[in-house]
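A short write-up of the structure that comes next.
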Amino acid sequence: MPDTLKFLTAFSLSVLLTACGGGSSSSNSNDETTETETSTDSGDNSGSDDSDNGDDDSDEETGGYTFNPSNPLASLIVGTQEYASGTLTLEDTDSNSPTFQASSVAGSYGDFTLYESGNWEYQLNTNSQNLNDGDSVEDTISFQLTDGSTLSVVFSIQTIEATESSIVFIFMNFSDASVEDDLSVTQIANMAFNDTDSLDNAYHENSLGQLKFSRHLSNDTSLDQYCYGEDNDESTSIDCFTYNIADSQNGGVLSIDDAESRSGSEYNDSGYTWRDRATSWIESNYLDSNNQPVELNDWRHRVYIFPEAAASAGLVGTGVASVGGRWSMIIADSDQLIMGHEIGHNIGLSHAGNDDNNDGDTNDSGESEYGSDGSLMGNAWQSRLFGSGHRDYMGWYDSFPGYTETIEAVAGSTTSIEFQAIELTAGELSSDLPQLLKAESIGSRNGENYYYIEYHVEHDTLNPRPHHENAVTVHYLSGTSNNNVTANQVATLSTTGDSFTDSSAGITIEFLSTDNSTNSATVSVTYDE
């Protein structure tokens with residue numbers, strides 16, 4: 001991936017599965033024990049012979065039943081989706097058939113609770129923590145009915161290794177303006193790790209549990225890089241270094257006033273020279289846990305933070321980062337937006353723009369390459385959301401194929417589909433509905449082959465403001481061929497009945513309804529004859 005740059009300058013700055021196994025008409029054809037049928041003669045046949053007396057006993061109550069649960073009954077993910085619940089059903093029963101009885105069973109990886117009603121719960125136990133990353137196992141749970149017969153259900157347990165990205169903050173101070181004039185170490189720790197909508201939580205939930213940040217590269221608390229906002233309070237700690245920008249002309253520490261008054265590349269290159277000097281100075285003056293010179297590249301992300309006064313003086317921009325690289329430069333701002341946006345470039349994403357006329361160009365009048373107001377890669381204050389296009393590009397849905405639905409272009413067809421809000425996290429999604437909804441759009445006005453359709457709800461982590469609440473938005477993804485991946489918004493369907501049409505692709509997307517109980521919406525996708 002090319003190490004290109006992206007600038008952020010003028011900003012307006014468990015799934016709780018309801019796996020209804022009982023009564024399901026579907027079963028896993030590879031599992032010969034999925035369906036159980038029993039028949040019990042409840043009459044007393046002692047002393048009788050086996051001859052056919054000609055009586056029609058087709059209405060006799062046999063006490064039989066059919067047990068046909070889904071297989072697996074639920075799929076759980078260690079560390080992300082550790083609880084499931086639902087209802088089991090016995091079918092083809094009569095008054096003599098057994099029923100469920102309350103019981104609790106300790107499985108190999110979880111604890112199963114069954115109620116007389118057939119309702120069940122399953123919670124992963126500590127044994128699941130011993131699984132190796134990447135493992136996929138099954139837990140078979142056996143239980144008895146009221147007649148003593150034994151049935152069983154199967155749970156699938158998976159582990160998805162969350163990539164932990166280390167991050168270090170480098171405070172770039174002037175003699176008359178320091179980062180901590182604007183943000184304390186504690187505030188940065190809160191923004192990065194502790195707040196409900198922290199970067200750690202936002203990245204973890206956007207990635208469906210596959211990406212998070214590590215607070216420290218090393219657990220050696222004696223290292224100078226181990227910074228505390230409050231003494232010995234781990235929750236206020238981060239990895240950080242402080243660099244006082246040297247005055248190369250007069251010695252000492254450079255002031256904002258002097259930097260403003262001077263000419264030359266050092267004072268007009270948006271902070272690159274100071275970034276490079278800080279890197280060299282840190283790597284020459286600090287030791288790592290192996291008593292070797294610190295290498296800043298050992299951190300996946302290094303964030304150079306300048307005081308706000310430096311941006312006000314025009315010495316640095318609001319934010320700049322290397323796409324696919326390891327560094328970013330930002331100003332000390334009290335919202336996670338700038339930092340989260342620039343780190344988004346580091347992981348390989350470009351901007352989220354608005355393309356109101358859907359012509360494939362986000363530089364038309366009134367449009368902007370980062371103009372989407374519901375995305376962390378746009379310009380949405382307090383948005384923590386990566387849209388479905390960017391998530392798809394990152395491959396975060398690859399481990400969750402059931403959450404993706406693609407509608408193929410079929411001339412003269414109309415497809416209505418219910419899908420879940422894009423803000424719902426892995427622990428909140430239902431296994432019954434997709435979240436990533438793509439509609440084929442070959443020949444579209446914007447030149448891309450798919451529209452991404454999103455439904456939005458308020459969410460403490462991913463949409464705390466909120467943006468586009470109870471609305472449907474339509475986007476397309478561009479730049480996948482050159483790794484300059486922009487997710488552009490073309491329409492906002494604010495109320496039911498609103499629609500978006502691309503006559504070039506012969507497609508119309510209409511917002512039909514919402515369901516607050518499932519945080520879902522239903523849209524129709526129609527293709528012209």
Side-chain angles (χ1 to χ4, degrees), residues 206-208 210 348-355 358 360 372 374-375 377-378 385-426 429-457 462 468 471-481 483 485-493 498-512 514 518-528:
N206 272 294
S207 67
L208 300 178
Q210 296 167 83
L349 301 178
S350 189
H351 290 142
N354 65 308
D355 185 8
N358 195 26
S372 177
S375 171
M377 298 311 296
L385 179 70
F386 291 126
S388 56
H390 275 154
R391 290 185 185 183
D392 191 29
Y393 173 74
M394 293 299 296
W396 288 334
Y397 284 99
D398 292 352
S399 298
F400 302 87
Y403 296 152
T404 300
E405 185 76 24
T406 301
I407 300 173
E408 296 182 357
V410 177
S413 68
T414 295
T415 302
S416 295
I417 187 165
E418 183 181 3
F419 63 112
Q420 300 178 85
I422 190 66
E423 286 83 7
L424 297 186
T425 66
L429 286 166
S430 164
S431 61
D432 300 328
L433 298 172
Q435 182 182 54
L436 173 63
L437 182 57
K438 300 167 63 175
E440 195 172 22
S441 60
I442 296 173
S444 68
R445 174 170 164 76
N446 58 61
E448 303 299 333
N449 294 331
Y450 291 96
Y451 282 113
Y452 290 84
I453 308 169
E454 299 173 1
Y455 175 58
H456 299 271
V457 295
L462 296 181
H468 299 309
V472 168
T473 57
V474 182
H475 312 255
Y476 66 87
L477 200 63
S478 71
T480 54
S481 60
N483 293 321
V485 186
T486 300
N488 298 322
Q489 182 172 330
V490 297
T492 301
L493 311 182
D498 288 351
S499 63
F500 162 77
T501 297
D502 181 347
S503 57
S504 298
I507 183 176
T508 295
I509 300 166
E510 183 177 358
F511 182 11
L512 298 181
T514 62
T518 55
N519 285 310
S520 62
T522 299
V523 298
S524 65
V525 179
T526 300
Y527 293 98
D528 295 345

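For the numbers below, each heavy atom of this structure counts, side chains included, while hydrogens, waters and symmetry mates do not. Heads up: numbering here begins at 1 and tracks the sequence.
Not counting sequence neighbours, Y397 has no partner by the ring pair (Phe, Tyr, Trp, His ring centres under 6.0 Å) test. Under the rule for a side-chain hydrogen bond (donor to acceptor under 3.5 Å, both in side chains), S499 has no partner lying at least two apart in sequence or in another chain. By the side-chain contact (heavy atoms from CB on, under 4.5 Å) test, E418 pairs with L433, D515, T518, S520, T522, sequence neighbours left out. Residues forming a side-chain contact (heavy atoms from CB on, under 4.5 Å) with T480 (at least two apart in sequence, or on another chain): Y393, L477, V485. Residues passing the side-chain contact (heavy atoms from CB on, under 4.5 Å) test with D498 are L493, S494, T495, sequence neighbours excluded. Under the rule for a side-chain hydrogen bond (donor to acceptor under 3.5 Å, both in side chains), S413 has no partner lying at least two apart in sequence or in another chain.
Taking the six-membered ring where tryptophan is involved, the planes of F386 and H390 are perpendicular, since the angle between them exceeds 60° and thus also 30°.
Nearest heavy-atom pair across R391 and N206 is NH2-OD1, 3.0 Å.
Rounded to the nearest 0.5 angstrom, I509 CD1 and T415 OG1 are separated by 11.5 Å. Within the model, atoms CZ of F511 and OG1 of T492 stand 11.5 Å from one another, a figure rounded to the nearest 0.5 Å. Atom-to-atom distance recorded for Y452:OH and T406:OG1 is 8.0 Å, nearest 0.5 angstrom.
Under the 4.5 Å side-chain criterion, counting only non-hydrogen atoms from C-beta, F500 is not in contact with I453. Between I407 and L437, the closest side-chain pair of non-hydrogen atoms falls below 4.5 Å. Using a 4.5 Å cut-off on side-chain heavy atoms (C-beta onward), D502 and Y476 make no contact.
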Practice problem: Starting from the C-alpha separation in whole Å, work towards a yes-or-no answer on side-chain contact (heavy atoms from CB on, under 4.5 Å) for Q435 and I422. | Solution: CA-CA 6 Å; Q435 182 182 54; I422 190 66; 4.2 Å; yes
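Side-chain N/O atoms of H456 and T473 include a donor and acceptor closer than 3.5 Å.
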